[in-house]
Amino acid sequence: MSKRPTIKDIAQVLNISTSTVSRALTDHWDVNPETRKAVLDVAEQLNYNPNPRSLSLRNGQSHIIGVVMPEFVNSYFAEILIGMQRVLFAKGYSILIAQSNESAEIEEKNLKLFERNMVDGIMISMAKDSSNTAYYEHLIKKEVPVVFFNRVPEDMSIPKVIVDDRTWAFKATEHLIQQGCRRIAHFAGSDNLSVSRERKLGYISALKKYGLKVDESLIIETGVLMEAGQNAAMKLLKMEQLPDGLFAVTDPVAIGAMKGLMKNGVRIPQDIAVIGFTESPYATIIEPNLSSVRQPTFDIGSTSARLLLNQLSEIKPASQTIILDASLIIRESSLCKEYRKPVKD
């Protein structure tokens, strides 16, 4: 195995000091342009690649941002990442991505890895069972720039980017009510997550506004993935009286529920009208097409990245929370009005 070229090798070829080579490679102001060009030419000839950790030690910056995502099973987090990349790449930053796989333990390991490798900042969306508040506080105490997005700790003063989940869950449920649904189920996410709690509260608020009973047996905690929706659908099928509407915490859960219900002869939307939350690409693939709340995924990513850059520029809003808007996309899965007789309130 050949020896990796070093700064010393470049210095020996040019008969100059290693400190001059180092300053030339980092584009230091006091290096003669001809010397800088000679150093870069020799570095290219020798196939010299600087050690990123060494550079970060010398410069105080790695120009790398760590991002922790809960999962990449659906496109939601990948779309957020595109928004982050657009902003950060334009400013000369690279992204180091880690997946917690919905595990608090793996999430903490990822954060420690980022800290050891001296990333310039961290953006994180919490795992569903995250219990790492103490470690978040440790990072803040060490003045590591951190931004939370989508899934955030509610009790911490730290920059966050979220969607108005409660309002749009209300509107999704309200849409079902306006379609004539009166017995509406909710497939909820983990109560440990703020997004799940907010969406459940929006669902409950809509029922109360329209004078409908909040039936706890119709609120089923499922998780956030498609398989969870299929499993929860089996619970509905065992009920003596089926619901006539379903609001699911995510599109994958809604799609899983639709598959499970239709496999067992339940018609969508004639028997049960369904609406999701997230606006997954699969929403227009499944038949009937799924109604959903469309979140501004690109904006979530780009806004999170700008908040982090603000901290790196010493613009440090200690507790700034940015709440983004969403929109309701209505498709066939929830349009049950034409199939049903009017229900008297």
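Please read these numbers as outputs of a predicted model, since none were measured by experiment.
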Note to self: Quick one about S19 and S17 (side-chain donor to acceptor, distance below 3.5 Å, no hydrogens or angles considered), yes or no?
What the structure shows: yes

Item checked: Polar contact flag, side-chain donor to acceptor under 3.5 angstrom, S100-E107 -> no

Check: So I275 and L246, side-chain contact (heavy atoms from CB on, under 4.5 Å) or not? Walk me through it.
Finding: CA-CA 6 Å; I275 190 165; L246 169 63; over 6 Å; no

Next item on the list: Would you list the pairs meeting ring pair (Phe, Tyr, Trp, His ring centres under 6.0 Å) in which at least one residue belongs to residues 245-282, sequence neighbours left out?
Entry: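 Non-adjacent pairs meeting ring pair (Phe, Tyr, Trp, His ring centres under 6.0 Å): H186-F247.
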
Notebook entry, point to check: Can you pull the ring pair (Phe, Tyr, Trp, His ring centres under 6.0 Å) pairs that have at least one residue in residues 109-145, sequence neighbours excluded?
Noted result: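 Those involving residues 109-145 are Y135-H138, Y136-F148.
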
Next item on the list: For the pair E108 and K112, evaluate salt bridge (charged side-chain N to carboxylate O under 4.0 Å, His left out) and give the outcome as yes or no after the intermediate values.
Entry: CA-CA 6 Å; E108 184 176 1; K112 288 180 176 178; 3.3 Å; yes

Report whether [X] and [Y] are members of the same hydrophobic cluster (ILVMFWY, side-chain heavy atoms less than 4.5 Å apart, transitive linking).
X: L40; Y: I7; answer: yes
X: I95; Y: I82; answer: no
X: M262; Y: V266; answer: yes
X: F170; Y: W168; answer: no
X: L113; Y: L81; answer: no

With the side chain counted from C-beta on, respond yes when [X] and [Y] share a heavy-atom pair under 4.5 Å apart, and no when they do not.
X: L207; Y: I184; value: yes
X: L335; Y: I330; value: yes
X: P269; Y: S333; value: no
X: R183; Y: M239; value: yes
X: Y203; Y: I219; value: yes
X: D251; Y: R294; value: no

How far apart are the closest heavy atoms of [X] and [Y], and which atoms are they?
X: S334; Y: S291; value: OG-OG, 2.7 Å
X: G223; Y: V253; value: O-CG2, 3.5 Å
X: A98; Y: N110; value: CB-CG, 3.4 Å

Check for a donor-acceptor pair, side chain of [X] on one end and backbone N or O of [Y] on the other, with a separation under 3.5 Å.
X: T20; Y: I16; answer: no
X: E102; Y: K128; answer: yes
X: Q99; Y: P70; answer: no
X: N32; Y: E34; answer: yes
X: S190; Y: N192; answer: yes
X: N264; Y: G260; answer: yes
X: D244; Y: R182; answer: yes

Check: Below 4.0 angstrom, N of the basic side chain to O of the carboxylate: do E105 and K109 qualify?
Finding: yes

Check: Does a sphere of radius 6.0 Å around CD in E154 hold more than 12 heavy atoms from other residues, nucleotides or ligands, not counting ones at 6.0 Å or beyond?
Finding: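 Enclosed.
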
Note to self: Are more than 12 heavy atoms, taken from residues, nucleotides or ligands other than Q178, located less than 6.0 Å from that residue's CD atom?
What the structure shows: yes

Notebook entry, point to check: For the atom pair CD (E174) and CG (L328), what is the distance rounded to the nearest 0.5 Å?
Noted result: 9.5 Å

Item checked: Derivation and outcome, side-chain contact (heavy atoms from CB on, under 4.5 Å), residues V147 and K160 -> CA-CA 6 Å; V147 172; K160 305 167 190 174; over 6 Å; no

Note to self: F72: which residues meet the ring pair (Phe, Tyr, Trp, His ring centres under 6.0 Å) condition with it, sequence neighbours left out?
What the structure shows: none

Next item on the list: Identify, with sequence neighbours excluded, every residue that meets side chain to side chain contact (heavy atoms under 4.5 Å, CB included) alongside S302.
Entry: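 So S302 forms a side chain to side chain contact (heavy atoms under 4.5 Å, CB included) with V87, F298, D299, R306.
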
Next item on the list: Taking side chain to side chain contact (heavy atoms under 4.5 Å, CB included) as the test, write out the residues that go with N289, two or more places apart.
Entry: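 Residues passing side chain to side chain contact (heavy atoms under 4.5 Å, CB included) with N289: T284, E287, R331, E332.
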
Next item on the list: Test R197 against D165 for salt bridge (charged side-chain N to carboxylate O under 4.0 Å, His left out), laying out the working first.
Entry: CA-CA 9 Å; R197 294 193 299 272; D165 291 283; over 6 Å; no

Checklist line | Under 4.5 Å side-chain linkage, directly or through intermediates, the cluster mates of V195 | finding: L193

